[in-house]
Number of protein chains: 2
Amino acid sequence: MQRGGGRRGMLRRGWGGKFKECGYRMTVPRKAIMDVLGDSDKHLSAEDIYLTVHRSYPNVGLTTVYRTLELLTDMGMIVKFDFGDGRARYELAEGPDKKHHHHLICRRCKRIIEYTEFIDEEMDFLNRAEKGLSEKYKFDIKGHVIHFYGICDKCRYK
Amino acid sequence: MQRGGGRRGMLRRGWGGKFKECGYRMTVPRKAIMDVLGDSDKHLSAEDIYLTVHRSYPNVGLTTVYRTLELLTDMGMIVKFDFGDGRARYELAEGPDKKHHHHLICRRCKRIIEYTEFIDEEMDFLNRAEKGLSEKYKFDIKGHVIHFYGICDKCRYK
DNA sequence: TAGTTATTGAAAACGGTTTTCATTATCAAT
DNA sequence: ATTGATAATGAAAACCGTTTTCAATAACTA
Ligand SMILES: [Mn+2]
Ligand SMILES: [Mn+2]
Ligand SMILES: [Zn+2]
Ligand SMILES: [Zn+2]
């Protein structure tokens, strides 16, 4: 259990509204999938979501999970990551319920640690870099990914 | 054609030596694959390499390309990237022939631009971040990936 | 040169994701 | 509420990059 339940309710209603605005229909499978994403603070794979949804809605298929994830990603409501473990992983996009952060990835056990420290200094560097790069390469920067790879404490001491 | 041919020759001889040191045999397919990597400044996929090698050595198989790439990656001589186009891509690891750099990735055409600018300020930020993160999370940082996503100039004006 | 065994190529298997297609559910108009 | 147009769904099959299997071959050592 993470955070209060009230905020998540808001989030879901917000999502539904955005969905309708874009001309999409709000369906039971989509609601269920969005609930799983909104309730979790993990980096979920399609199968993770499928299995969780399956407990309450056994007839929702994995295909629909993939389709909904693509939709939400295209709409910018979630973010798709590749952490190098052979499957895509998803989390809420930056917003009221999710702070800007980056990841430490353990090369041995694949554990992912989120950090929000150093974000101020990072923003400083990123802003200057983005400005310089945009000018030099005429490249319209929309986002960035920073991953640190290494060995976590649990793995270091065997 | 990029850079002089002499340096690349050195590079290849160096690679061969390292190979032997690790107890691996230096074979014709491996040499061919390493030559393709050493001669290119692109971000090559396994199939890219396979097709190039195939021109000179039609009997070298794709399987061997994959096996050699894994070997070179594990030995730290090349780096494996995921740029989000569904296949792994490889390039020379940082060294005398390859400067430290990061990537701008066009979300539309998937073009990859390498940049080495702002690396000094970046190193400044990265050093502080790595120091802080290592301490706080007891995480032994070995490397990092910084990707900027956006729209390249060619795509921006349609 | 011979013998040990690492390396190889072809084919099959693998696994995450996407496509196909007939059926069902959603939603606006009645 | 009922209807009708059509967006969305689930099961199965296809897809495709990568890995595994295994008998044949080539590279090193003695
Ligand atoms: Mn995260
Ligand atoms: Mn590069
Ligand atoms: Zn670990
Ligand atoms: Zn582009």
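Numbers restart at 1 for each chain; the letters A, B, ... are given by sequence-line order, proteins then strands.
- Closest to the side chain of A:Tyr66, from the set D:dA7, C:dG16, C:dG9, is C:dG16.
- For A:Tyr90 and C:dG16, the OH to C1' distance is 10 Å, given to the nearest whole Å.
- In this entry the distance linking CZ of B:Arg89 with C1' of D:dT18 reads 15 Å, nearest Å.
- The distance between atom CD of A:Glu70 and atom P of C:dG16, rounded to the nearest whole Å, is 18 Å.
- Residues B:His103 and B:Phe148 keep their aromatic ring centres 6.0 Å or farther apart.
- Taking the side chain of B:Tyr24 as heavy atoms from C-beta on, and the options D:dT6, C:dT7, C:dT18, the nearest nucleotide is C:dT7.
- Two residues, B:Pro29 and A:Thr68, neighbour DNA chain D, and the one matched to the more 5' nucleotide by heavy-atom proximity is A:Thr68.
- When distances are taken from the side chain of A:Met26 to each of D:dC28, C:dT20, C:dC27, the shortest belongs to C:dC27.
- Residue B:Lys31 contributes atom NZ, which lies 14 Å from atom P of C:dT7 at whole-angstrom precision.
- The distance from atom CZ of B:Arg67 to atom P of D:dC22 is 14 Å, rounded to the nearest whole Å.
- Candidate nucleotides C:dT26, D:dT9, C:dT4 were compared by shortest atom distance to the side chain of B:Arg25, and C:dT4 ranks first.
- C:dG15 atom P lies 17 Å from atom OH of A:Tyr50, rounded to whole Å.
- Going from atom CG of B:Leu71 over to atom P of C:dA6 covers 13 Å, rounded to whole Å.
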Test log, rule side-chain hydrogen bond (donor to acceptor under 3.5 Å, both in side chains), inputs A:Glu94 and A:His101
CA-CA 8 Å; A:Glu94 200 177 330; A:His101 66 276; over 6 Å; no

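- The side chain of B:Arg87 lies closest to D:dT18 when the candidates are C:dG9, C:dT17, D:dT18.
- At a threshold of 4.0 Å, the pair B:Asp153-B:Arg111 counts as salt-bridged, since one of the basic side-chain nitrogens sits closer than that to a carboxylate oxygen.
- One interatomic measurement links the two molecules: CD of B:Glu47 to P of D:dC16, which rounds to 11 Å at whole-angstrom precision.
- Within 4.0 Å (heavy atoms only), A:Arg30 reaches sugar-phosphate atoms of the nucleic acid but no base atom.
- Across all strands, A:Gly23 comes closer than 4.0 Å to no nucleic acid atom at all (heavy-atom distances).
- Linking ILVMFWY side-chain heavy atoms closer than 4.5 Å, directly or via other members, places A:Tyr149 and B:Met75 in two distinct hydrophobic clusters.
- Using a 4.0 Å heavy-atom cutoff across all strands shown, A:Thr63 reaches at least one base atom of the nucleic acid.
- Note on B:Arg89 versus B:Asp48: salt bridge recorded, some NZ/NE/NH1/NH2 to OD/OE distance being below 4.0 Å.
- Comparing C:dT17, D:dG10, C:dG9 by their nearest atom to the side chain of A:Leu62 picks out C:dT17.
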